[in-house]
Amino acid sequence: MARITLEDLERLGEEPDGDGSDNEDDAEGEARLFAHWEAVATTHRVSLPRDMAGPIAQMARHRHAREPVPYVSLSQHGKCEEAAYEERRYPAGKWACVTMGEPMYEQSISLSFMKLMRYICKENSVGCHLGMTVPVLNEIHLTKEETELEREVLTAYYLPGAFQQNPPVPMDPEIHITERAPLRVITRVFYGMTTEETILREISVFWELLGPRETVLRGTYIVASYENPSVPQRRNEIWFICQPE
């Protein structure tokens with residue numbers, strides 16, 4: 001099973017609009033959109049629940065309005081214009097989080113993000129679309145041998161600035177609003193698909209680049225997702241977490 005994430009929705013926006021008639025029935029348009037999304041999901045070997053039709057339509061309409069998660073760049077390291085890695089500090093903030101423990105990494109983040117989509121679109125105490133932020137974070141843990149990912153994955157969506165002080169309450173009891181402490185990370189961009197294999201490879205490459213660092217946690221990492229997975233070389237980041245100062 002491959003990922004279902006917010007970036008897939010951008011592809012939905014490319015669905016032809018038909019004859020453009022102003023009196024086109026909304027239900028018909030939503031059905032066509034869902035059918036297109038279902039076809040995309042089939043290529044990912046994912047079963048798409050019918051109740052995702054509404055959230056998909058809303059996310060597609062708002063796909064270009066994405067608020068970046070705020071941070072401060074502390075340093076960049078690399079040659080020429082391309083940074084090999086960057087150190088950042090993220091302020092404390094409120095996040096909507098879901099934890100899943102499916103057999104595959106891709107399954108866990110797919111199920112988690114579908115829950116978050118429903119929360120973002122309407123299933124919240126204010127009953128409206130909250131707005132999308134990027135990146136979406138997936139916190140992972142390695143086994144003791146550091147050769148595999150643990151099953152449990154936490155997927156986190158940053159609440160937009162307008163809702164940071166008073167986050168809407170999720171209707172889904174499996175979604176938890178969490179105040180996350182300030183976070184200092186060392187990040188490195190990589191491109192392509194995010195599977196257990198590619199993540200483990202990127203972690204290994206990053207450690208080789210950094211060398212031994214006592215100030216960096218081992219065993220817990222974050223995968224940050226930014227772009228449309230229909231883009232063959234889409235942007236992701238691996239985050240190494242620094243010890244609290």
Side-chain angles (χ1 to χ4, degrees), residues 3-13 26 30 33 37 48-49 51-74 88-100 108-140 152-185 187 194 220-229 234-237 239 241 244:
R3 295 193 304 165
I4 296 181
T5 66
L6 68 102
E7 296 90 351
D8 284 300
L9 296 162
E10 200 166 282
R11 183 172 174 181
L12 286 177
D26 287 344
E30 185 174 294
L33 191 61
W37 177 245
L48 188 67
D51 66 1
M52 288 300 298
I56 286 170
Q58 285 197 50
M59 295 288 278
R61 284 195 295 271
H62 295 279
R63 68 187 182 279
H64 296 304
R66 297 180 183 178
E67 180 181 324
V69 177
Y71 71 89
V72 174
S73 178
L74 302 177
R88 303 174 188 160
R89 179 180 288 113
Y90 286 83
K94 295 183 176 67
W95 297 71
C97 304
V98 181
T99 300
M100 289 285 179
S108 291
I109 63 174
S110 294
L111 293 172
S112 291
F113 192 70
M114 281 193 281
K115 285 179 172 289
L116 291 173
M117 281 177 63
R118 295 184 180 99
Y119 168 66
I120 292 165
C121 290
K122 194 173 182 181
E123 293 185 13
N124 56 68
S125 58
V126 296
C128 68
H129 187 272
L130 304 182
M132 195 60 231
T133 60
V134 291
V136 169
L137 306 185
N138 298 290
E139 185 176 294
I140 58 172
E152 191 170 275
V153 180
L154 181 145
T155 298
Y157 153 76
Y158 182 80
L159 272 296
F163 298 105
Q164 276 292 311
Q165 294 302 314
N166 188 22
V169 177
M171 295 174 66
D172 186 335
E174 293 187 5
I175 298 175
H176 302 281
I177 304 300
T178 303
E179 174 83 31
R180 292 173 70 93
L183 184 68
R184 188 162 58 93
V185 295
T187 75
T194 56
T220 299
Y221 304 92
I222 292 173
V223 180
S225 300
Y226 286 85
E227 291 184 326
N228 190 339
R234 60 187 176 270
R235 179 191 174 195
N236 312 285
E237 289 175 347
W239 291 8
I241 303 169

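Sequence positions, counted from 1, serve as the residue numbers for this chain.
For Pro70, the side chain to side chain contact (heavy atoms under 4.5 Å, CB included) partners at least two apart in sequence or on another chain are Pro91, Tyr158. Residues forming a salt bridge (Lys or Arg N to Asp or Glu O under 4.0 Å) with Arg118 (at least two apart in sequence, or on another chain): Asp51. By the side chain to side chain donor-acceptor pair (under 3.5 Å) test, Thr99 pairs with no residue at all, sequence neighbours left out. Considering only residues two or more places apart in sequence or on other chains, Thr220 meets the side chain to side chain donor-acceptor pair (under 3.5 Å) condition with His141. Legend: residues meeting side chain to side chain contact (heavy atoms under 4.5 Å, CB included) with Gln165, ordered by chain and number and at least two apart, are absent. Checked against salt bridge (Lys or Arg N to Asp or Glu O under 4.0 Å), Glu174 has the following partners two or more places apart in sequence or in another chain: Lys115. When the side chain to side chain contact (heavy atoms under 4.5 Å, CB included) test is applied to Ala162, no partner is found at least two apart in sequence or on another chain. Contacts of Ser108 classified as side chain to side chain donor-acceptor pair (under 3.5 Å), with partners at least two apart in sequence or in another chain: none. Under the rule for a side chain to side chain contact (heavy atoms under 4.5 Å, CB included), the partners of Ser112 that lie at least two apart in sequence or sit in another chain are Val98, Met100, Thr155. Residues meeting the salt bridge (Lys or Arg N to Asp or Glu O under 4.0 Å) test with Glu237, sequence neighbours left out: Arg88, Arg235.
For Glu67, the CD atom sits in a packed shell: over 12 heavy atoms of surrounding residues, nucleotides or ligands are nearer than 6.0 Å.
Applying the salt bridge (charged side-chain N to carboxylate O under 4.0 Å, His left out) definition to pairs two or more places apart or across chains, those involving residues 124-139 are Glu139-Arg180.
Rounding to the nearest 0.5 angstrom, the gap separating the OG1 atom in Thr178 from the CG atom in Leu154 is 7.5 Å. Separating the CE atom in Met117 from the CE atom in Met52 is a distance of 3.5 Å, to the nearest 0.5 Å. In this structure, the separation between CH2 on Trp239 and CG on Leu137 is 4.5 Å, given to the nearest 0.5 Å.
Taking every heavy atom of both residues into account, Leu159 and Ala96 meet most closely at CD2-N, 3.5 Å. Residues Ile241 and Val185 share a closest heavy-atom pair of CA-CG1, 4.3 Å. Across every non-hydrogen atom of Lys94 and Gln164, the tightest pair is N-OE1, 2.8 Å. Closest heavy-atom contact between Ala92 and Glu179: CB-OE2, 3.7 Å.
No side-chain heavy atom of Val223 sits less than 4.5 Å from a side-chain heavy atom of Val153. Side chains of Val69 and Pro135 form a contact here, defined as non-hydrogen atoms less than 4.5 Å apart.
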Problem - Trace of the side chain to side chain contact (heavy atoms under 4.5 Å, CB included) decision for Ile109 with Val136 - result: CA-CA 10 Å; Ile109 63 174; Val136 169; over 6 Å; no
Report all side-chain donor-acceptor pairs from residues 121-132 shorter than 3.5 Å, counting only partners two or more places apart or in another chain.
unit_1	atom_1	unit_2	atom_2	d
Asn124	OD1	Val126	N	3.1
Asn124	OD1	Gly127	N	2.8
Asn124	ND2	Tyr119	O	2.7
Asn124	ND2	Cys128	O	3.0
Ser125	OG	Val169	N	2.8
His129	ND1	Gly131	N	3.2

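Between Trp95 and Tyr90, the gap from one ring centroid to the other reaches at least 6.0 Å.
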